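Heads up: the structure comes next, in structure tokens.
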Amino acid sequence: QVQLVESGGGLVQAGDSLRLSCAASGRAGSGYAMGWFRQAPRKEREFVAAISPSDTSTFYSVSVKGRFTISRDNAKNTVYLQMNNLKPEDTAVYYCAGGYPSPYYSDKGRYNSWGQGTQVTVSS
């Protein structure tokens, strides 16, 4: 089982940037993909971004494409989410997820490890 711990959330103003980190520990098999999801109050958890095990493919929701960038450092077992030009509608708890979702990277049901979440609040 893989344990995931997020960090980097906070309170920022619209237009600012934040970088979230997710450190993974434990045993993961080949093909282990990582993703980010978010959940705003009274809304369902939604897909934000994912990165394939080989790092050759990244996937984004329409709402963040062009503003957010997902990357991973396999040597550090860490995945990052660089968030630029943040908007108030990006306010949510952000969760790191890991698993074997291929090819359905946006399907939260296909991830079997989750972090505890980190709050991101964007003021207007």
Side-chain angles (χ1 to χ4, degrees):
Q1 187 72 10
V2 177
Q3 292 76 44
L4 304 174
V5 178
E6 304 99 333
S7 61
L11 171 63
V12 297
Q13 294 186 332
D16 286 351
S17 298
L18 272 178
R19 189 177 79 156
L20 305 183
S21 299
C22 174
S25 61
R27 177 174 296 181
S30 61
Y32 194 77
M34 302 288 289
W36 288 95
F37 291 75
R38 67 187 182 186
Q39 188 167 16
R42 297 174 299 281
K43 291 189 176 181
E44 290 192 7
R45 193 171 298 190
E46 65 174 6
F47 171 74
V48 175
I51 186 165
S52 68
S54 63
D55 300 349
T56 58
S57 298
T58 55
F59 310 88
Y60 298 94
S61 68
V62 172
S63 60
V64 307
K65 193 169 187 178
R67 299 188 297 123
F68 291 11
T69 302
I70 188 171
S71 61
R72 65 193 293 173
D73 184 336
N74 287 330
K76 296 182 179 180
N77 291 329
T78 300
V79 64
Y80 304 97
L81 185 67
Q82 177 67 43
M83 306 185 294
N84 297 331
N85 189 22
L86 282 160
K87 303 176 181 181
E89 50 264 44
D90 294 318
T91 295
V93 177
Y94 283 71
Y95 296 90
C96 177
Y100 306 91
S102 179
Y104 308 104
Y105 288 93
S106 63
D107 184 348
K108 59 182 178 293
R110 293 181 177 268
Y111 292 82
N112 56 16
S113 295
W114 292 85
Q116 82 288 353
T118 186
Q119 177 70 47
V120 172
T121 303
V122 185
S123 64
S124 57

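Just so it is clear, the values below take in all heavy atoms, side chains as well, and ignore hydrogens, waters and symmetry mates. Computed from a predicted model, the values in this text were never measured in an experiment.
- The shortest side-chain heavy-atom distance between L20 and V120 falls under the 4.5 Å cut-off.
- Residues meeting the side chain to side chain donor-acceptor pair (under 3.5 Å) test with S61, sequence neighbours left out: S63.
- Linking ILVMFWY residues whenever their side-chain heavy atoms come closer than 4.5 Å, directly or via other members, places Y100 and V79 in the same cluster.
- At least one donor-acceptor pair under 3.5 Å links the side chain of T91 to the backbone N or O of V122.
- Of the inter-residue distances, the one linking F68 atom CZ with S17 atom OG reads 9.5 Å to the nearest 0.5 angstrom.
- For the atom pair CZ of R72 and CE of M34, the computed distance is 6.5 Å after rounding to the nearest 0.5 Å.
- Once rounded to the nearest 0.5 Å, the distance linking CG of L18 with OG1 of T118 reads 8.5 Å.
- Between the side chain of Y60 and the backbone N or O of I70, at least one donor-acceptor pair lies under 3.5 Å.
- Under the 4.5 Å side-chain criterion, counting only non-hydrogen atoms from C-beta, M83 is not in contact with D90.
- Residues satisfying the side chain to side chain donor-acceptor pair (under 3.5 Å) criterion with E46, sequence neighbours excluded, are R38.
- Between atom CD of residue E44 and atom NZ of residue K108 there is a gap of 5.5 Å, rounded to the nearest 0.5 Å.
- With rounding to the nearest 0.5 Å, the separation of OG in S102 from CG in D107 is 12.0 Å.
- Through direct or relayed side-chain contacts under 4.5 Å between Ile, Leu, Val, Met, Phe, Trp and Tyr, F47 connects to F37, F59, V93, Y95, Y105, Y111, W114.
- Annotation: the span from N112 atom CG to Y32 atom OH amounts to 5.5 Å, rounded to 0.5 Å.
- Side chains of E6 and Q116 form a contact here, defined as non-hydrogen atoms less than 4.5 Å apart.
- Counting heavy atoms of neighbouring residues, nucleotides and ligands inside a 6.0 Å radius, atom OH of Y104 does not exceed 12 of them.
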